[in-house]
There are 2 protein chains.
Amino acid sequence: METVDLLKKYNISSTFARRQIIRQAASFGQRHFSAEDILKKMRKKKSRVSRASTFRALNLFCQKGILEAIDLGKGFNLYELTDNSGHHDHLYCLGCGKILEFEDKTIEDLQVEVCRRKNFKAFKHTLRILGLCIKCKKDQLKV
Amino acid sequence: METVDLLKKYNISSTFARRQIIRQAASFGQRHFSAEDILKKMRKKKSRVSRASTFRALNLFCQKGILEAIDLGKGFNLYELTDNSGHHDHLYCLGCGKILEFEDKTIEDLQVEVCRRKNFKAFKHTLRILGLCIKCKKDQLKV
DNA sequence: GTTTTTGCAAACCATTTGCAGTTAG
DNA sequence: CTAACTGCAAATGGTTTGCAAAAAC
């Protein structure tokens, strides 16, 4: 599928700016990208779209479900295409910035379990799981 | 223990600003608080400490281990005392803002497991687990 | 032709920083 | 006394917004 068709698919009116942005977003494949990454790529290609429009488009795409925003606590958002990747979570190295993606039912089950324990009506809420940093100990893992 | 003694315990020189801030921080007990919360409380008590010094102190306290910073993706940090609470993770409702704390070995094990699967040398890194939002389905949990 | 969308520049907001004056030890 | 700390005001950096001009349908 042409990247541009994603706009139609998600019921977003096709404008020059949005076409450039979705194309660049798609060029990252499964990798994460920031608004700045998109802007940089567009500058190179001389397909000029303003910073404001870029943010507006990224927000719109998230809201419509083309993209998913990821907050790694870096002070700015990352995005990824939701389209071709199933639901997954992330492990992020605070040291070197490497991101590991994984999907594991355990996490979702855990959310349900925690809610049950706390007598919390989870189905009323959109929960986000937030882990504090955990330094893996040497003896836990020898790769 | 007097809250002020925490400074001595953590090897932090005792200044007026830091005494006010650690006292207010402690007044939140197990609850999370923001820099703004601390500033608000100090304004009320007329124990005036500047915004800059408040941030400087909060950073120092995190670094020294009195506090732990939590990023709920709200655009500003929350903090909590590390002192009296063991390690735990958080579930955060994007809708109503409610925060559930929990500790579960599963998450830590999961990190190790994911690293193993990905052939990633985890012990070299400080990993942070990041969950995307998951909307709990009604049929998963009936409280 | 009317509604949407865009670019620009200014605004925002949490946090950080430079610097000169003040405090701690 | 000297090093560490503080307040102020300005800077930072990612993101948002008001508005007039331009594009979409």
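Order of the sequence lines fixes the chain letters, A, B, ..., with proteins taken first and strands second; residue numbering starts at 1 for each chain.
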- Among all residues two or more places apart in sequence or in another chain, which pass the ring-ring contact (aromatic ring centres under 6.0 Å, His included) test with B/Phe55? none
- Does any non-hydrogen side-chain atom of B/Gln20 lie less than 4.5 Å from one of B/Thr54? no
- Message: Counting only heavy atoms and a strict 4.0 angstrom limit, can you tell me which residues of residues 46-54 of chain A come near DNA chain D?
- Response: A/Arg51, A/Ala52
- For B/Ser34, which contact category applies under a 4.0 Å heavy-atom criterion: base, sugar-phosphate, or nothing? nothing
- A/Ser14 and A/Lys8: side-chain donor and acceptor closer than 3.5 Å? no
- Message: Tell me the bend of the helix from C/dG1-D/dC25 to C/dG25-D/dC1 as the angle between end helix axes, each from five pairs, rounded to the nearest 10 degrees.
- Response: 30°
- Whole-Å gap separating P (C/dT6) and CG (A/Leu58): 12 Å
- Round to a whole Å and report the spacing from CD of A/Gln20 to P of D/dA23. 14 Å
- Message: If I take atom CZ in residue B/Arg18 and atom C1' in nucleotide D/dG7, what distance separates them, rounded to the nearest angstrom?
- Response: 14 Å
- 5'-most contact on DNA chain C (nearest-nucleotide basis), B/Phe76 vs B/Phe16, goes to B/Phe76
- Taking atom types as modelled and ignoring hydrogens, do the side chains of A/Arg19 and A/Ser47 form a donor-acceptor contact shorter than 3.5 angstrom? no
- Item | C/dT6 OP1/OP2 closer than 4.0 Å to side-chain N/O of A/Thr15 | yes
- Item | Closest approach of A/Asp37 to A/His32 (non-hydrogen atoms, all atoms of both residues) | OD2-O, 4.5 Å
- Answer whether the closest heavy-atom distance between the side chains of A/Tyr79 and A/Ser34 falls below 4.5 Å. no
- Query: Hey, does the side chain of B/Asn59 come within less than 4.0 Å of C/dT16's phosphate (OP1/OP2), counting only N and O?
  - Reply: yes
- Length of the line joining A/Ile38:CD1 and D/dG14:P, which is rounded to integer Å: 15 Å
- Measure from the side chain of A/Arg56, starting at C-beta and using heavy atoms only, and say which of D/dT15, C/dA24, D/dC19 lies closest. D/dC19
- Please determine which of A/Arg43, A/Gln24, A/Arg51 meets the side-chain contact (heavy atoms from CB on, under 4.5 Å) test together with A/Ile38. A/Gln24
- Rounded to the Å, how far apart are B/Leu7 CG and D/dC5 C1'? 14 Å
- Looking at C/dT15, D/dT15, D/dT6, which one has an atom nearest to any side-chain atom of A/Asn77? D/dT15
- Query: Roughly how far, to the nearest 0.5 Å, is the CZ atom of B/Phe16 from the CZ atom of B/Arg48?
  - Reply: 10.5 Å
- Name the one of B/Leu7, B/Leu81, B/Thr82, B/Leu6 that satisfies side-chain contact (heavy atoms from CB on, under 4.5 Å) with B/Phe61? B/Leu7
- Between C/dA14 atom C1' and B/Tyr79 atom OH, what is the distance in whole Å? 9 Å
- Message: Rounding to an integer number of Å, can you tell me how far A/Phe55 CZ sits from C/dA11 P?
- Response: 19 Å
- Item | Atom-pair distance (CG on A/Asp37; P on D/dG13), nearest Å | 17 Å
